[in-house]
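Notes follow once the structure below has been shown.
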Amino acid sequence: MAQKPSIPKGTRDFTPAEMVRRNFIFDTIKGVFQMYGYMPIETPAMENLDTLLGKYGEEGDKLLFKILNSGDFLSKSDAALLAARDSNRITGQISEKGLRYDLTVPFARFVVQHQNEITLPFKRYQIQPVWRADRPQKGRYREFFQCDVDVVGSDGLINEVELIQIVDEVYRKLNIRVVVKLNNRKVLAGIAEIIGEADRMVDITVAIDKLDKIGLDKVNAELHERGLTPEAIDKLQPILALSGSNGEKLQSLSQILSQSPTGLKGVEELTTVLKMVDTLKLHTPVELDLTLARGLNYYTGAIFEVKALDVEIGSITGGGRYDDLTGIFGLKGVSGVGISFGADRIFDVMNQMNLYPDTVTAATQLLFVNFGEKEAAHCLGLATFFRNKGVRTELYPDVAKMKKQMSYADKKGIRFVAMVGEDEINNNKITLKNMVSGEQQTLTPEEALSLIG
RNA sequence: GUGAUUGUAGCUCAGUUGGUUAGAGCGCCUGAUUGUGGUUCAGGAGGUCGCCGGUUCGAACCCGGUCUUUCACCCCA
């Protein structure tokens, strides 16, 4: 019985036409990364579960895809837990591997594990899929590609600047209008500190992150719900109301945070980065956004987010500085900073706006019609001639009706069809048909080449 | 995890208050045209109406469950 084939929720197949476009995106991004001295690495799709667990917060743990142990995994598990149907606790007994949730944590693991083979500062890029057991929705998939660039082992803020420069360059090459939003965790920590809620930074940031979306009143309501005192919420108001240029915001902040050394350090970092970025004269606006929080709680300094200006789709790139991610795996004192381009969202944006240049194609340029065994053998040699000259060439593999072979060329968007039968073989010519104009003429291979090239 | 929403031919979609044999456009296949595609014309194939169960004399249509699609929330690229 033939069953209807399907793929898991939130995953997708990509057709050749789509892959050509996706590869254009990947190649563009990769090219820019390499131009800045980042080197590629790859890590396994699956990691040991204890590498992943606890790195993304409670919510992140829930979104991890876990892999069932091989063999008779139930025989070794605790009967009482099984009987109690306690999924959370039974998980540790039946699963010890999980699919990677992002590329940053596996990278941190990689750095620690290979610390003797790599030279700090270590600049790497990594383009691989990640998996999250989320409910799919607009711009959100369960399997998607991230394109990460990170540098570890360097505290210099020049790295932050360089990353912004990379963002600018990638999106200029892809022709997507974006804005870079910049914030700093130290500033957020300072704010939490001076309003007297130092240990509630995550609650505060998660709430104010929604300011754009739900408005001030609802943010205040949520802050209250999350257990902040009315006094603290009151003190927060002037900060939420901050406006003006980046410079003006920084000025106000340095006053507001004057009692918080951490906060002031954040302001100083932001100032330094923004000053350097200014001198670069980028196309992309860089905006200081205090409401930018970002979920991942391993960030300790700069936080970035990039939003597309012409398409409503959440952020298409994000990242930040993490001072001690490798510490969890036993290597202290190595700071990292990096960003991640969300390839699938970029793909969605590019598709929606049809931003691909016409040159994005991998179509065959020349098809040899197959008239029979003898003719095909002759065409094999001719095809090699054209391929050696850089023409994407194929020979139809079967002796099929002309109509079928022509329509194959038509559907594949092949511009030229070569017909080589007995006459052509004898005269060492080929009959070349231009599928767009419909014209055809009999030529020597060299003449044909100049027409195709 | 919470709340909605979708599912009929390969694709996009019609399908009346529940009533005989479920339709259209596009695509596909064959021929008109044995060395000529895209246009035209003639013909043809293709459907357990997502799946399981229930109500009914009778279900694509009503009810329940389940899977899937899309969307919002939580969270996030």
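Just so it is clear, the model here is predicted, and its values are computed rather than measured.
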Nearest-Å distance once atom P is located in both B:G50 and B:A9: 8 Å

Of residues 392-408 of chain A, the positions that come close to RNA chain B - non-hydrogen atoms, cut-off under 4.0 Å: A:K401, A:M402, A:K403, A:M406, A:S407

Distance between C1' atoms of B:A60 and B:U6 (Å, rounded): 15 Å

Euclidean distance for P, B:C61 against B:C51 (whole angstrom): 11 Å

Sugar-phosphate, base or nothing in reach of A:V206, heavy atoms under 4.0 Å: sugar-phosphate

Parallel, tilted or perpendicular, as decided by the 30° and 60° cut-offs, for the rings of A:Y408 and A:Y396: perpendicular

Touch class at under 4.0 angstrom, heavy-atom based, for A:G421 against every strand present: base

Atom pair distance, as rounded to whole Å: CD1 in A:I414 and C1' in B:G38: 14 Å

Sugar-phosphate only, base, or nothing, as touched by A:R226 at under 4.0 Å among non-hydrogen atoms: sugar-phosphate

Side-chain heavy-atom pair A:M201, A:R185 within 4.5 angstrom cut-off: yes

Closest listed nucleotide, where the reference is the side chain of A:T431 and the choices are B:A72, B:U36, B:C74: B:U36

Polar pair under 3.5 Å, donor/acceptor by atom type, side chain A:D410, base B:G38: no

A:K213 side-chain N/O to B:C73 phosphate OP1/OP2 under 4.0 Å: yes

Cation-pi geometry met for A:R321 and A:Y299 (6.0 Å, 45°): no

Sugar-phosphate only, base, or nothing, as touched by A:K307 at under 4.0 Å among non-hydrogen atoms: nothing

Sugar-phosphate, base or nothing in reach of A:G57, heavy atoms under 4.0 Å: nothing

Atom-to-atom span, CZ of A:F368 to P of B:G35 - whole angstrom: 19 Å

A:M39 atom CE, neighbour heavy-atom count above 12 within 6.0 Å: no

Nearest listed nucleotide, side chain of A:M435, among B:C75, B:U36, B:G37: B:G37

Comparing A:N434 and A:K411 on RNA chain B - which has the more 5′ nearest nucleotide: A:K411

Euclidean distance for C1', B:C75 against B:C71 (whole angstrom): 16 Å

Geometric cation-pi criterion, A:R22 with A:F14: 6.0 Å, 45°: yes

Can you tabulate the close N/O pairs, meaning under 3.5 Å, that link protein atoms to atoms of nucleotides 65-69 of chain B?
residue: B:U68; atom: OP2; partner: A:K9; partner atom: NZ; Å: 3.4

Whether over 12 other heavy atoms sit under 6.0 Å from A:H283 NE2: no

Nearest-angstrom distance, C1' atom, B:C76 to B:U66: 28 Å

Side-chain heavy-atom pair A:V187, A:L290 within 4.5 angstrom cut-off: yes

Pi-cation contact, A:F107 with A:R124 (under 6.0 Å, within 45°): yes

Integer-rounded Å distance: B:C73 P and A:K62 NZ: 17 Å

A:R345 to A:F144, cation-pi by 6.0 Å centre distance and 45° axis angle: no

Options B:U2, B:G38, B:C75, nucleotide nearest the side-chain atoms of A:R135: B:U2

Phosphate OP1/OP2 of B:U70: any A:Q137 side-chain N/O under 4.0 Å: no

Rounded distance in Å - CZ (A:F304) to C1' (B:A77): 16 Å

Sugar-phosphate, base or nothing in reach of A:G438, heavy atoms under 4.0 Å: base

Value in whole Å for how far the P atom of B:C75 lies from CD1 of A:I208: 13 Å

Interatomic distance, A:L367 CG vs B:U36 C1' [rounded to whole Å]: 12 Å

Interatomic distance at P, B:C26 relative to B:G1, whole Å: 44 Å

Minimum-distance pair of heavy atoms, taken over all atoms of A:N434 and A:V436: OD1-N, 2.8 Å

B:G10 versus B:G27 - spacing of their C1' atoms, nearest Å: 7 Å

Main-chain N/O of A:G318 paired to A:S315 side chain as donor or acceptor, under 3.5 Å: no

Distance, C1' atom - from B:A77 to B:U5, rounded to whole angstrom: 25 Å

Contiguous pairing runs of three or more, Watson-Crick or G-U under 3.5 Å, that involve RNA chain B: B:1-4 with B:70-73, B:10-13 with B:23-26, B:28-32 with B:40-44, B:50-54 with B:62-66

Atom pair CG/CD of A:N159 and A:Q165 - distance to nearest 0.5 Å: 11.5 Å

Presence of donor-acceptor pair under 3.5 Å, side chain of A:E424 and base of B:G35: yes

A:Y298 and A:Y322 aromatic ring geometry - parallel, tilted or perpendicular at 30°/60° bounds: perpendicular

Distance in angstrom units between A:Y141 OH and B:C71 C1', rounded: 13 Å

Whole angstrom value for the distance that separates C1' of B:C76 from CZ of A:F144: 8 Å

Aromatic ring proximity A:Y38/A:Y125, centre distance under 6.0 Å: no

